[in-house]
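Okay, structure first, notes after.
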Amino acid sequence: MKNLHPETARVDPVTIATTWHYMQRVCREMRETCERTATNVLVVTLHDLAYGLWDRDGRVIAIPEGFPPRLISSTRAIKRVKEKFQDKMSPGDIFLTNYPLDGAIHLPDWIFVRPIFYHGELLFFTCMGTHVADSGGAQAGSHFLAYDSIAEGLNIPLIKVVEKGQWREDVVELILANNRLPDMMRREMASLMGSTGVAEQRMIELLDKYGRETVLASIEEMIQRTEKAVRAEIARWPEGTYSAEAQTDDDGQTLGVPVTVRCTLTIKNGELYFDFSASDPQVRGMINSYYHQNLSNTLCTTFLFLGKELSAYHNEGSLRPVHVITRKGTLVDCHPGALVAGAPAVTGSLVIEAV
């Protein structure tokens with residue numbers, strides 16, 4: 001993001017508060033739009049969604065309450081769009097992925113990312129993601145008996161599915177030809193992508209009302225204030241090192257062999273260091289998870305202990321005092337190709353319990 005001069009960065013408190021709550025409302029309007037138009041029970045009943053606003057550098061601007069494994073892990077998908085497409089993005093484009101290396105948590109997790117332009121300048125990203133009804137693979141459902149990551153489902157690395165407002169029908173047809181519920185999934189895609197259009201429209205309205213410089217300056221102030229508030233709350237906690245672990249009976253393939261997540265928390269100088277390096281190695285079964293899911297679960301659980309004033313208002317400032325350390329090849333930071341279908345429910349729950 002372009003640096004603002006100090007004079008420009010001075011925004012009155014009312015404008016800052018209005019902008020902050022406006023962005024939270026935009027996120028909730030996205031969710032409500034998706035819930036009203038979807039036919040997937042996981043959306044309309046369980047609210048199993050990932051959504052929010054990010055700036056053009058991939059910094060979190062606004063993420064309200066949501067499903068812990070997806071909530072902040074979507075940052076990975078946003079940054080991957082920026083890395084992969086760079087100058088190949090245009091107004092009206094939408095990108096899709098369900099690929100864990102690109103920010104999904106398992107293959108049923110479809111994420112739609114929309115860049116938001118203002119007068120031709122990329123300023124923001126938004127996304128909407130959920131657990132879809134089918135994602136191909138050897139068996140219907142979430143493929144808990146799959147023998148490799150291809151059998152778990154159709155892997156969709158980040159791809160442009162809408163270009164300048166027009167569906168890329170060749171791409172969509174390829175994806176839906178590998179889906180057991182193509183008609184339903186076409187409707188679901190429209191619902192999920194349409195909700196990102198709501199965010200685009202509302203953010204442009206905000207920029208029109210207050211101007212680019214004022215909105216960006218308000219965001220910078222919001223991030224700084226949130227970071228200060230989170231650090232102040234953490235500073236009240238006793239410094240020291242604490243350890244916990246959580247265990248499941250087995251990995252679903254090697255029965256009767258427990259699998260353990262281990263976490264050591266160090267609180268020091270207003271910062272939190274969660275170290276999961278001692279967790280068990282990744283397993284043959286479907287409960288492995290990638291780093292970004294572990295990060296999201298850790299952050300979301302931590303936010304619950306910050307008090308009700310901070311628990312549902314997250315941005316980049318909330319993230320800065322919290323550090324998550326892992327070891328590659330473990331249950332919470334697996335290598336590419338590991339089975340991950342059960343990661344949100346099983347390993348995600350273990351991480352939350354340990355934190």
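Atom set for the values below is all heavy atoms of this structure, side chains included, hydrogens, waters and symmetry mates excluded.
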Val324 backbone acceptor or donor facing Tyr291 side chain under 3.5 Å: yes

CA sep, side-chain torsions, deciding dist, call: Lys209, Glu205, salt bridge (Lys or Arg N to Asp or Glu O under 4.0 Å): CA-CA 6 Å; Lys209 181 175 182 178; Glu205 290 171 355; over 6 Å; no

Exercise: identify the closest heavy-atom pair between Gly92 and Val162: O-CG1, 3.2 Å

Considering all heavy atoms, the nearest Met185-Ala133 contact: SD-N, 4.3 Å

Salt bridge (Lys or Arg N to Asp or Glu O under 4.0 Å) assessment of Lys79 paired with Glu83: CA-CA 6 Å; Lys79 291 184 176 180; Glu83 292 169 5; over 6 Å; no

Main-chain N/O of Pro258 paired with Asp250 side-chain donor or acceptor, under 3.5 Å: no

Sidechain N-carboxylate O distance under 4.0 Å for Arg186, Glu169: yes

Minimum heavy-atom distance Pro100-Val340, with the two atoms named: CG-CG2, 4.2 Å

Exam field: side chain Glu35 to backbone His47, donor-acceptor pair closer than 3.5 Å: no

Single-linkage hydrophobic cluster Met193~Met89, side-chain heavy atoms < 4.5 angstrom: no

Cys127 vs Thr196, side chain to side chain contact (heavy atoms under 4.5 Å, CB included): CA-CA, chis, key distance, verdict: CA-CA 6 Å; Cys127 82; Thr196 67; 5.5 Å; no

Flag, side chain of Glu188 to backbone of Thr39, donor-acceptor distance under 3.5 Å: yes

Trp110 versus Ser135, side-chain donor and acceptor atoms under 3.5 Å: no

Step-by-step salt bridge (Lys or Arg N to Asp or Glu O under 4.0 Å) determination, Arg36 to Glu29: CA-CA 10 Å; Arg36 288 199 308 269; Glu29 188 175 355; over 6 Å; no

Nearest heavy atoms of Ser149 and Leu339, plus distance in Å: N-CD2, 3.7 Å

Any donor-acceptor N/O pair, Arg180 side chain to Gly136 backbone, under 3.5 Å: yes

Donor-acceptor pair, side chain of Gln282 and main chain of Thr330, under 3.5 angstrom: no

Lys84 (side chain) donor-acceptor with Leu158 (main chain) under 3.5 angstrom: yes

Flag, side chain of Arg327 to backbone of Val332, donor-acceptor distance under 3.5 Å: no

Salt-bridge criterion met for Glu271 and Arg320 (N-O under 4.0 Å): no

Rounded distance [0.5 Å steps], CD1 in Ile204 versus CZ in Arg202: 11.0 Å

Main-chain N/O of Leu331 paired with Ser289 side-chain donor or acceptor, under 3.5 Å: yes

CA sep, side-chain torsions, deciding dist, call: Arg262, Asp280, salt bridge (Lys or Arg N to Asp or Glu O under 4.0 Å): CA-CA 8 Å; Arg262 298 178 182 87; Asp280 282 357; 2.7 Å; yes

Under 3.5 Å: donor-acceptor pair, side chain of Arg284, backbone of Thr254: no

Heavy atoms from other residues, nucleotides or ligands near NZ of Lys164 exceed 12 (cutoff 6.0 Å): no

Interatomic spacing from OG in Ser349 to CD1 in Ile287 - rounded to 0.5 Å: 11.0 Å

Ile16/Met222 under side chain to side chain contact (heavy atoms under 4.5 Å, CB included): CA gap, chis, key distance, verdict: CA-CA 7 Å; Ile16 293 170; Met222 287 170 355; 4.0 Å; yes

Approximate separation, where rounding is to 0.5 Å, of Ile219 CD1 and Leu53 CG: 8.5 Å

